[in-house]
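In what follows, a structure is listed as structure tokens, so that the remarks can point back to it.
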Amino acid sequence: MNSLAVDIGGTKIRFIVYSPKREIISEYSLPTMKYFHKEGAKDLHSVFSVINRQVGTWNFQAVGISFNGIVKDKIIQKSSLLGKIENIDLEPILQKYFSFKEYFCDNDVFCMTKAENRYGIGKKYASFIFVNLGTGIRVVAVENNNLIRGYKNIAGEICMNPLWVKELNSFLTIEEMISGRGIEFLSKKVFHKKITAEKVFNDNNIDIITFFCTYLAQFLIDASFFYNPEIIVFGGSLIKSSNQWLPLVKTLYSSHPMKEFLATEIIVSKLDFPASLGALL
């Protein structure tokens, strides 16, 4: 019996029908902002009605949801996509559009990390940190094959911490600097040019890339002091440009004198659609 995985991210909604062997039968995507207008359950009905028209009301073994927000016990407790509405149980909404035996829901980066732990680097390393580097940035740590989740299932939000930016003589949060949004923001603030992250890498803008790498390396050093991972794994949309930033990040990271705190390796995830895979775990 097939399964349906829906990954609702900040930029895209990706939904995949998997075979029992986790082979992709069909895959689709939608722009997130077309369907989410901070209207809570109304937005969710809008999304799943469209997905229903694409995949039909199959009798699924499982439906798994990967969601950009705070999720605990399969309840979406809070998300900027939903506005001020909190504590939404997706299961009765899904039951209106699909037939299924099992239902799962988790935060999107936790889903990515679960997939990495099961199908990716976790086969070799039981302790690592997963860094989702895309429109935003988020870290999840795995210790002895267990995800560190925290009391409210929101552990890993260290990217909301302030970081001193000497070039601006002010503090910014890590996410405001080291992310797709951050690159665009910093290009305007520091270099006085509003350039998207995609264009920065397409044009190989060395000045902005070097600036980005310097602070990304420092962030990884700080995260390593905190989590002491064996390795660091990158996922997210910016890994498409990793050949332009990862070599310098590795050099800067490994130059830190306190080697005992540093990861032995920094790699890029090889998994396709990890959030979708993880949503079904």
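Connection of V139 to I174 is established within a shared hydrophobic cluster, with ILVMFWY side chains joined at heavy-atom distances below 4.5 Å, either directly or through further cluster members. I70 and I85 sit in two unconnected hydrophobic clusters of ILVMFWY residues. Membership requires side-chain heavy atoms under 4.5 Å apart, directly or through other members. V233 and V131 fall into different hydrophobic clusters, where Ile, Leu, Val, Met, Phe, Trp and Tyr residues are linked whenever their side-chain heavy atoms come under 4.5 Å apart, directly or through other members. When hydrophobic clusters are built by joining Ile, Leu, Val, Met, Phe, Trp and Tyr residues whose side-chain heavy atoms come closer than 4.5 Å, directly or via intermediates, V249 is grouped together with V200. Cluster membership check: I76 shares its hydrophobic cluster with L4, using side-chain heavy-atom separations under 4.5 Å among Ile, Leu, Val, Met, Phe, Trp and Tyr.
In this structure the side chain of I75 never reaches within 4.5 angstrom of the side chain of L90, judged on heavy atoms.
We find the CD1-CD1 distance between I93 and I88 to be 6.0 Å, quoted to the nearest 0.5 Å. Distance check, rounded to the nearest 0.5 Å: CZ of R138 to OG of S179 gives 14.5 Å. For the atom pair CZ of F98 and CH2 of W58, the computed distance is 11.5 Å after rounding to the nearest 0.5 Å. Interatomic distance, N117 CG to S127 OG, rounded to the nearest 0.5 Å: 9.0 Å. In this structure, S254 OG and I221 CD1 are separated by 8.5 Å, a value rounded to the nearest 0.5 Å.
Listed for the K101 side chain is no donor-acceptor partner under 3.5 Å among the backbone atoms of F60. Between the side chain of Y253 and the main chain of A263, a donor-acceptor pair closer than 3.5 Å is present. Under a 3.5 Å cut-off, the side chain of D43 and the backbone N or O of E39 do form a donor-acceptor pair. The backbone N or O of L262 sits nowhere less than 3.5 Å from a side-chain atom of N228 that would complete a donor-acceptor pair. At distances below 3.5 Å, not a single donor-acceptor pair connects side-chain atoms of E157 with backbone N or O atoms of I154. One N or O on the side chain of K38 and one on the backbone of S80 form a donor-acceptor pair closer than 3.5 Å.
The nearest pair of heavy atoms linking N145 to Y125 is OD1-O, 4.5 Å. Taking every heavy atom of both residues into account, Y151 and K72 meet most closely at O-NZ, 2.8 Å. When all heavy atoms of P247 and S242 are compared, the pair lying nearest together is CD-O, 3.6 Å.
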Checking side-chain contact (heavy atoms from CB on, under 4.5 Å) for the pair I158/F219: CA distance, chi angles, key distance, verdict? CA-CA 10 Å; I158 59 176; F219 166 69; 3.9 Å; yes

Evaluation steps, side chain to side chain donor-acceptor pair (under 3.5 Å), between E230 and T264: CA-CA 6 Å; E230 185 172 2; T264 59; 5.0 Å; no

With side-chain contact (heavy atoms from CB on, under 4.5 Å) as the criterion, how do I267 and I231 come out once you've worked through the C-alpha distance, each side chain's angles and the decisive distance to 0.1 Å? CA-CA 8 Å; I267 68 169; I231 67 162; 4.2 Å; yes

Apply side-chain contact (heavy atoms from CB on, under 4.5 Å) to the pair Q77 and V71, showing each step before the final yes or no. CA-CA 6 Å; Q77 299 188 330; V71 182; over 6 Å; no

Decide side-chain contact (heavy atoms from CB on, under 4.5 Å) for I51 and F15; before the verdict, give the C-alpha distance in whole Å, the side-chain angles of both, and the deciding distance to 0.1 Å. CA-CA 8 Å; I51 295 175; F15 50 106; 3.6 Å; yes

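Counted by atom type alone, Q244 and N204 present one or more donor-acceptor pairs between their side chains at under 3.5 Å. Residues T135 and T11 have side chains that bring a donor and an acceptor to within less than 3.5 angstrom of each other. Side-chain atoms of N2 and S19 form no donor-acceptor pair, as typed in the model, at a separation below 3.5 Å. S66 and D108 share no donor-acceptor pair across their side chains, judged by distance under 3.5 Å alone.
Other residues sharing the hydrophobic cluster of F273, ordered by chain and number and joined by side-chain separations under 4.5 Å: I16, Y18, I24, Y119, L271, L277, L280, L281. Residue L252 shares its hydrophobic cluster (ILVMFWY side chains chained together at separations under 4.5 Å) with L248.
Atom CD of E91 has more than 12 heavy atoms from other residues, nucleotides or ligands within 6.0 Å. Residue M33 qualifies as enclosed at atom CE: its count of foreign heavy atoms under 6.0 Å is above 12. Atom NZ of K78 has 12 or fewer neighbouring heavy atoms from other residues, nucleotides or ligands inside a 6.0 Å radius. The environment of K259 atom NZ is dense: over 12 non-hydrogen atoms of other residues, nucleotides or ligands sit within 6.0 angstrom.
Ring centroid separation for the pair Y215 and F211 comes in under the 6.0 Å cut-off. With ring centers used as reference points, F225 lies under 6.0 Å from H256.
The pair D106-R149 meets the salt-bridge criterion, since a charged nitrogen lies less than 4.0 angstrom from a carboxylate oxygen. Salt bridge annotation for E175-R181: present, with a cationic side-chain nitrogen under 4.0 angstrom from a carboxylate oxygen.
Applying the salt bridge (charged side-chain N to carboxylate O under 4.0 Å, His left out) test to residues at least two apart or on different chains, none of the pairs has a partner in residues 183-193.
Taking the six-membered ring for Trp and thresholds of 30 and 60 degrees, W245 and F234 have ring planes more than 60 degrees apart, a perpendicular arrangement.
Cation-pi geometry between R53 and F48 is not met: the NZ or CZ atom fails to fall both under 6.0 Å from the ring centre and inside 45° of the normal.
C105 pairs with exactly one of I65, V6, I8, V63 by the side-chain contact (heavy atoms from CB on, under 4.5 Å) rule, that one being I65.
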